[in-house]
Amino acid sequence: MLLRNIRFKLTLWYIVILGIILTSFSTFLYLTLSRSLYKGIDIKIKSIAEVIASSSTNPYSQYSFSNIDRMLEDSFGVRPVTKFIQVLDESGRIGRKSDNLQHFQLPISIRTLKNASQGKVTFETIKALGEYPLRMVTVPVIRGRNLINIVQVATSWEQVEEALNTLLLILWITVPSALVVASLGGLFLANKALRPVDEITKTARMITSKNLEQRIKLRKSNDEIGRLAETFNDMISRLGRSFKQMRQFSADASHELRTPLTIVKGEIEVGLRKQRPLEEYRRILKSNLEEVDHMSQIVNDLLFLSKADMGEIQLQRNRIDLAQLVTEVHAQAKMIAMAKDIEVSMSTDSHVVVIGDRLRLRQLLLNLVDNAVKYTPEGGEMVISLESNDSQVKLRVLDNGIGISPEDQPHIFDRFFRVDKARSREAGGSGLGLSICKWIIEAHGGEISVESEPGKGSTFTVTLPVAPPEEELTGAKSMAKVPAFQD
Amino acid sequence: MRILIVEDEKKVASFLKNGLEEEHYAVDTAFDGEEGLALAHINEYDLIILDIMLPKLDGMEVLRRIRANGSCVPIIMLTAKDSTDEIISGLDSGSDDYLTKPFSFAELLARVRALLRRGIKERTDLLKVSDLSLSISTHQVKRGEKKIELTPKEYALLEYFMRNPNRVLTRTLIAEHVWDYYFDSSTNIVDVYVNYLRKKIDRGFEKKLIHTIRGSGYMMKDEPCC
């Protein structure tokens, strides 16, 4: 459980790393110090031994071995009471020794004696005497080529070992306490650093789809946590926006359906309140049928868009001759426009091929034509045009109808957006036609745009990429050039 | 009783008008907020049915301006959304009731009757002056035990009289509450209908209920006029 807590993990890591650093530092300190201390002892006893040895080889020396202590006092300034000194003859028999040795004598091994006879200096550690081991140096005194004396100087390791033990004790106490203090400090720091995270968690927990207005209070600092909080707030804003859009969409959808339902219900209810002439019943039924048709269209369009949003609409990817499609749509447009006495003309390129879903592209064009007919007064004019260059096809549907005001233009592809609610309902629109057009064209990797001037008319322009030449399509590589469809 | 319907959806406005007229109400319709507000200013309505989503001026604003003008006319709001906020803000801005589309026409009628009853001291369906009684929901009119058959216009006129007993009702006032916007005020149609009504309620009874107030109009009263 604790390990799941990031502040404990952080502190643990912190302690482990600090522990490793402190331990290595202590070990290094201890080893270096002990080496230098032991080495210092060796140098000291060797130098004493050499002083004694040189004085014994000097024929003019005023000292004899009989007065070692005095000689050392003269040489080093102080009397080295802690040093044991012993002078042996060439065979290893004890000649003189310092007073502090009393009745003890420094031992000499065969090997040491052999080393000495070869002129070598020997260092030894003797465990025999007292609590602490003795460190002893054996230095031969050579005159000419002969060994004449052996000088042995020894001293206790007591001071060194005591110093090292004290150091060890200090380290054993300070390192763990340093770790304890450091861990508390680390925990404190981790707490301090992570408190904003707790705040974020608390806020995040309180946020549901109902109160997306809630935000994390931002601190001014631009650190990681600050950025996290900011990112989080951004995310909530985006979520809020999409929830709002969703709510708006369902509110719009229910509103769109409620109006025809109100009419159907109201007309039937009022109609049934008393006996009426047959004509009256016929009128009510006809009006109801219109509303039912309108509702089916809304439901169909809603279904199409929700399927499209869910990615459930599969687009065919066939080579389509747009010129042929435009000719077909033109013929149909003329029939639709005939009721309002609108002239529909057409201009096309010959043989313009795109890749796409013929049914959907036809639906797109018919939607645009339908729209143009709805918003063009009787006796107006419409043009369907198709032009292409090497890479792009431009399909245009022009009318000289009522047009769209500049402030409404950015919204006309929004779902349920209506420039004039009453007019478009009377014309039988679902409010979703242009949204569907936009989806279809974007699924084909194209674009749709509108240019319009109120009172003069509107032009809807659909831009599609031209299909690559046929032979390229056979190769697997060329498939990459085909615009990616959502499916 | 004269009702104003402000509703941009023409078919809704049309069935409401037909249905209410069949219930003997005089009905005017307006198809946008501005037109609705203008009609509400010009005429004295007994009730307004107001849609919230309206072109030009939305229903909420129309409501606020009507109330800002000091009018206490009962207002029923029609909403196509389930939004509680909208309903609350409508009621707080001074609407008396609301209905969510699609609504039942019978319920709308009941609410209209309920709101129109508010002006009367006794909260009852039955209006009575002397031995003359009128049931608002069934439209049955009786003088004593005798049932009286009335045409829709006569009924509307009688209802208006009975809602305002002991009060002088001018011809203009009567025209405003019983006839709709297309009433031609230059004719003497009010007098003609008052006479029709008199024949049906007062003829053959000793006690006359509808009195002519010379120079100003008519009054319905229990006792003989001064």
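Labels below follow one simple rule: chain letters A, B, ... track the order of the sequence lines, proteins then strands, and each chain is numbered from 1. Note that this is a predicted model, so its numbers are computed, not measured.
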Testing the basics here: between [X] and [Y], what is the closest heavy-atom pair and its distance to 0.1 Å?
| X | Y | value |
| --- | --- | --- |
| Pro165(B) | Val129(B) | CB-CG2, 4.1 Å |
| Ile298(A) | Leu432(A) | O-CD1, 4.1 Å |
| Glu291(A) | Val264(A) | CB-CG2, 3.6 Å |
| Pro454(A) | Pro406(A) | CG-CD, 4.3 Å |

For this session: Not counting sequence neighbours, which residues clear side-chain contact (heavy atoms from CB on, under 4.5 Å) with Arg65(B)? List them please.
Result: Leu37(B), Leu57(B), Glu61(B)

Problem set entry | side-chain contact (heavy atoms from CB on, under 4.5 Å) involving Lys307(A) - partner list, sequence neighbours excluded |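 So Lys307(A) forms a side-chain contact (heavy atoms from CB on, under 4.5 Å) with Glu312(A), Ile313(A).
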
For this session: Report, by ascending residue number, the residues of residues 18-32 of chain B in heavy-atom contact with chain A at a distance under 4.5 Å; give 'none' if the set is empty.
Result: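 Residues in range: Asn18(B), Gly19(B), Glu22(B), Glu23(B).
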
Inter-residue atom distance [X].[atom1] - [Y].[atom2], 0.5 Å rounding:
| X | Y | atom1 | atom2 | answer |
| --- | --- | --- | --- | --- |
| Glu280(A) | Lys274(A) | CD | NZ | 9.0 Å |
| Glu451(A) | Thr459(A) | CD | OG1 | 6.0 Å |
| Phe232(A) | Ser237(A) | CZ | OG | 10.5 Å |

Exercise. Any cation-pi pair here, Arg143(B) with Phe205(B), using under 6.0 Å and within 45°?
Worked result: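 That pair qualifies as a cation-pi contact.
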
Problem set entry | Contacting moiety of Ser14(B), where chain A heavy atoms sit under 4.5 Å |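 When you check distances to chain A, no heavy atom of Ser14(B) falls under 4.5 Å.
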
Problem set entry | chain A contact via Leu16(B) - side chain, backbone, both or neither, heavy atoms under 4.5 Å | neither

Exercise. Which of residues 281-289 of chain A get closer than 4.5 angstrom to chain B, counting heavy atoms alone?
Worked result: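 Counting heavy atoms that sit under 4.5 Å from chain B, the residues of residues 281-289 of chain A involved are Arg283(A), Ser287(A).
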
